[in-house]
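Source: prediction; values computed, not measured. Per chain, numbering begins at 1; letters A, B, ... match sequence-line order. Reckoned from all heavy atoms, side chains included, excluding hydrogens, waters and symmetry mates.
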2 protein chains.
Amino acid sequence: MRPRNAAATRQALLEAARDRFTRAGYEGTTLRDVAADAGVNLALIKRYFGSKEGLFKAALAASPRLLTDVPSDRAAFAEALSRQLSADTWPEFGEHPVLMLLRASGDESVTARRREALEGAAQRIVDALGPAPDALLRAELLVALGVGVAVLRSAVGVEPLSEATADDLTGPLRAIVDALMPS
Amino acid sequence: MRPRNAAATRQALLEAARDRFTRAGYEGTTLRDVAADAGVNLALIKRYFGSKEGLFKAALAASPRLLTDVPSDRAAFAEALSRQLSADTWPEFGEHPVLMLLRASGDESVTARRREALEGAAQRIVDALGPAPDALLRAELLVALGVGVAVLRSAVGVEPLSEATADDLTGPLRAIVDALMPS
DNA sequence: GGGGCGTGTCAACAGCTGATGACTTAGACT
DNA sequence: AGTCTAAGTCATCAGCTGTTGACACGCCCC
């Protein structure tokens with residue numbers, strides 16, 4: 001029998017769920033897969049998380065938040081952005097964390113949270129880089145760029161974008177930031 | 001019984017499949033849903049498309065290709081790009097066509113086709129807007145931007161980006177294009 | 001050392017899903 | 001009218017999925 005350690009079991013389930021949901025999406029992930037990855041009995045998912053939806057929400061809540069601190073210096077911002085898009089920044093993830101958000105279930109509370117997370121990131125960019133006409137729309141274009149890069153790198157595997165390092169991205173991103181949010 | 005018209009039945013199935021796959025993804029779509037939407041018996045899917053995977057590939061093959069003609073004039077390109085991102089450009093689609101590509105199954109031939117489609121779009125941008133160091137990487141950033149905008153507008157519903165018209169997008173996109181692909 | 005509780009195991013069910021083969025019927029052609 | 005084929009219908013199957021209740025076991029405290 002598995003050693004009795006509720007916290008470790010819960011954590012193993014969360015990590016397995018994070019990987020599966022991120023890679024295969026909500027519908028494409030089965031609870032038996034998650035339980036097997038975690039080396040845990042299927043029934044324990046119900047005990048700890050109640051349901052598949054509960055497991056997904058818990059895994060989502062445990063995932064890192066993006067663009068929490070936006071530097072007001074444009075060069076520093078471009079660098080921070082390219083770092084958050086780099087795979088090396090998320091060594092414990094097989095794919096970029098934002099993919100789990102995009103591959104979520106259709107559950108209303110999840111889609112609402114997703115929209116708020118992305119709109120919030122755009123708002124933080126506006127707050128840091130200063131107001132302007134269309135500033136929010138332009139900041140959302142930056143968020144869209146980040147989402148698109150994450151998808152193309154992590155889920156699609158487009159070359160040479162997938163193999164680009166954070167340093168490779170900083171230059172072009174800096175040019176975009178300067179063009180979109182003029183001082 | 002349904003009037004006997006193989007071509008119309010096939011077409012109805014294709015359109016229903018396109019809608020379902022685009023909105024709910026491959027795993028989230030059931031063949032019974034598609035058949036019901038098309039007003040067609042479930043067994044006809046097997047007759048006309050062989051399997052669920054066959055139906056998906058047929059629906060994918062019938063979807064429009066993006067960025068087929070890239071104007072070499074930067075202003076015209078920015079305008080073409082913003083038009084392709086506008087919902088009005090795809091009145092027969094509920095969501096942006098590229099979402100079906102992203103929400104595909106894990107089938108190898110589909111993921112390969114997806115990568116080729118996106119890399120091809122980037123290559124066409126390079127061909128039109130001229131070579132430069134990093135030109136392909138920068139073009140792929142433009143493709144990533146397009147994918148991200150489609151996702152945020154159509155699947156997530158981020159405001160104000162979702163409500164922006166093609167004209168609203170042209171200005172900012174022009175700035176990005178100029179910054180990324182300097183003459 | 002014996003309850004009692006938290007932890008893990010097991011077996012099963014009800015519903016759905018993709019797939020399939022046998023059957024029926026419309027419509028063209030002779 | 002008779003026949004043949006394409007088109008559509010029907011019932012059903014085997015497998016998987018999420019969920020669940022009953023059970024077994026280890027560990028702590030009195």
Side-chain angles (χ1 to χ4, degrees), chain A residues 1-61 100 103-111, chain B residues 1-60 100 103-110:
Chain A
M1 188 181 286
R2 190 185 165 74
R4 301 181 152 245
N5 186 337
T9 297
R10 223 185 113 94
Q11 188 60 27
L13 278 173
L14 272 182
E15 290 175 11
R18 185 192 63 196
D19 285 3
R20 286 278 179 179
F21 283 136
T22 304
R23 275 186 240 269
Y26 185 81
E27 284 89 1
T29 294
T30 74
L31 296 185
R32 282 169 178 80
D33 288 340
V34 174
D37 286 356
V40 152
N41 191 283
L42 168 65
L44 291 181
I45 294 179
K46 174 187 162 69
R47 185 189 296 288
Y48 289 120
F49 302 99
S51 67
K52 186 182 187 182
E53 196 69 40
L55 176 63
F56 182 85
K57 288 184 186 174
L60 193 59
M100 182 163 62
R103 289 174 171 166
S105 69
D107 183 276
E108 191 125 348
S109 75
V110 173
T111 60
Chain B
M1 190 182 284
R2 181 161 225 280
R4 295 176 160 248
N5 184 337
T9 297
R10 223 186 112 93
Q11 187 60 27
L13 278 173
L14 272 182
E15 289 176 13
R18 186 192 62 196
D19 284 3
R20 285 279 179 178
F21 283 135
T22 304
R23 274 186 241 269
Y26 185 81
E27 284 89 1
T29 295
T30 75
L31 295 185
R32 282 169 178 81
D33 288 340
V34 174
D37 286 356
V40 151
N41 191 284
L42 166 65
L44 291 180
I45 294 180
K46 174 187 162 71
R47 182 188 298 287
Y48 289 121
F49 302 99
S51 68
K52 187 182 187 182
E53 196 69 40
L55 176 63
F56 182 85
K57 288 183 186 175
L60 193 58
M100 183 166 59
R103 289 174 171 165
S105 70
D107 182 276
E108 191 126 346
S109 75
V110 173

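When Thr29(B), Leu31(B), Leu55(B) are each tested for a side chain to side chain contact (heavy atoms under 4.5 Å, CB included) with Arg20(B), only one passes: Thr29(B).
Listed candidates were dC10(C), dT17(C), dT17(D). Nearest to the side chain of Thr30(A) is dT17(D). With dT19(D), dA19(C), dT7(C) as the choices, the nucleotide that has an atom nearest any side-chain atom of Ala6(A) turns out to be dT7(C). With dG18(C), dG8(D), dT9(C) as the choices, the nucleotide that has an atom nearest any side-chain atom of Thr9(B) turns out to be dG8(D).
The heavy-atom pair separating Val34(B) from Leu13(B) by the smallest distance is CG1-O, 4.0 Å. The minimum heavy-atom distance between Arg10(B) and Tyr48(B), with the atom names listed, is NH1-O, 3.5 Å.
Between the P atom of dG18(D) and the CZ atom of Phe49(A) lies a distance of 15 Å, rounded to the nearest Å. One can place CG of Leu42(B) at 11 Å from P of dT9(D), the figure rounded to the nearest angstrom. The CG-C1' distance, from Asn41(B) to dT24(C), rounds to 12 Å in whole Å. One can place CG of Asp107(A) at 15 Å from P of dG18(D), the figure rounded to the nearest angstrom. When rounded to the nearest whole Å, the span between NZ of Lys52(A) and P of dC16(D) equals 15 Å. Taking atom CD of residue Gln11(A) and atom P of nucleotide dT7(C), one finds them 15 Å apart after rounding to whole Å. Protein atom CG of Asn5(B) is 12 Å distant from nucleotide atom P of dA28(C), rounded to whole Å. Between Asp33(B) atom CG and dC16(C) atom C1' the separation is 11 Å, expressed in whole Å.
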* To do: Let me have a per-nucleotide readout for nucleotides 21-30 of chain D, 5' to 3', with B, S or -, counting only protein heavy atoms under 4.0 Å.
  => B---BB----

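Of the possible donor and acceptor atoms, none in the side chain of Arg32(B) sits under 3.5 Å from a partner among the backbone N and O of Leu42(B).
No engagement by Ile45(B) is indicated, since no non-hydrogen atom pair under 4.0 Å with the nucleic acid exists. At a threshold of 4.0 angstrom between heavy atoms, the contacts of Leu31(B) are confined to the sugar-phosphate backbone, with no base atom among them.
In the model, Tyr26(A) has no side-chain atom that pairs as donor or acceptor with a side-chain atom of Glu27(B) under 3.5 Å. In summary, the side chains of Lys52(A) and Ser105(A) do not present any donor paired with an acceptor at a separation below 3.5 Å, with no hydrogens or angles considered.
Comparing Tyr48(B) and Glu27(A) by the nucleotide of DNA chain D whose heavy atom lies nearest to each, the residue mapping closer to the 5' end is Tyr48(B).
Atom CZ in Arg23(A) sits 12.0 Å away from atom CE in Met100(A) (nearest 0.5 Å).
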